[in-house]
Amino acid sequence: MPEPVAAAAYYVTMEAVANSEKHAGAGLVTVTLTTGDNRVEVTVCDDGVGGALAVPGGGLHGLRERVEACGGTLRLSSAHGRGTAVRAVLPLGAA
């Protein structure tokens, strides 16, 4: 795996898990890492309070920028009362 992709996957995982611990009041956090079709996908989901936002200057916004710099995408789903899911898809061909 290219180093920038590995680093982005690591930071997505660590930031999302840390946010679950600090802000979500989650009882359960799951981390899934899959590869295929020349890409790696990292998904972190929690059962917390939801309401997370990727605001400029915030950690989730920084993650989005890091993922996009590798040619990937980051999606955030965080409806109030329904937990949060952070999903990053990164191309393995990224330099």
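Not a single donor-acceptor pair under 3.5 Å links the side chain of T43 to the backbone N or O of T32. No donor-acceptor distance shorter than 3.5 angstrom exists from the side chain of S78 to the backbone of T84, with no hydrogens or angles considered. Of the possible donor and acceptor atoms, none in the side chain of D46 sits under 3.5 Å from a partner among the backbone N and O of G83.
Heavy atoms only, all atoms of each residue included: V42 and A9 are closest at CG2-CB, 3.7 Å. Minimum interatomic distance between C70 and P4 (heavy atoms only, all atoms of both residues): SG-O, 3.5 Å.
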Margin query: Between T30 and V44, does the side chain to side chain contact (heavy atoms under 4.5 Å, CB included) criterion hold? Intermediate values first, please.
Written below: CA-CA 6 Å; T30 59; V44 180; over 6 Å; no
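Checked against side-chain contact (heavy atoms from CB on, under 4.5 Å), E15 has the following partners two or more places apart in sequence or in another chain: N19, L63. Applying the salt bridge (charged side-chain N to carboxylate O under 4.0 Å, His left out) rule to R87 yields the partners E41; only residues at least two apart in sequence or on another chain are considered.
When side chains are defined from C-beta on, V5 counts as touching P2, because their heavy atoms get closer than 4.5 Å. Taking 4.5 Å as the limit, some side-chain heavy atom of M1 sits within range of a side-chain heavy atom of L92. Taking 4.5 Å as the limit, some side-chain heavy atom of L76 sits within range of a side-chain heavy atom of L60.
Residue pairs meeting the salt bridge (charged side-chain N to carboxylate O under 4.0 Å, His left out) criterion with at least one partner in residues 51-70, sequence neighbours excluded, do not occur; the list is empty.
Hydrophobic clustering (side-chain heavy atoms under 4.5 Å, transitive across Ile, Leu, Val, Met, Phe, Trp, Tyr) groups V12 together with V29. Note: the hydrophobic cluster containing V49 does not contain V17 (ILVMFWY, side chain heavy atoms under 4.5 Å, direct or indirect links).
Screening V86, L33, V31 against T13 for a side chain to side chain contact (heavy atoms under 4.5 Å, CB included) leaves a single residue, V31.
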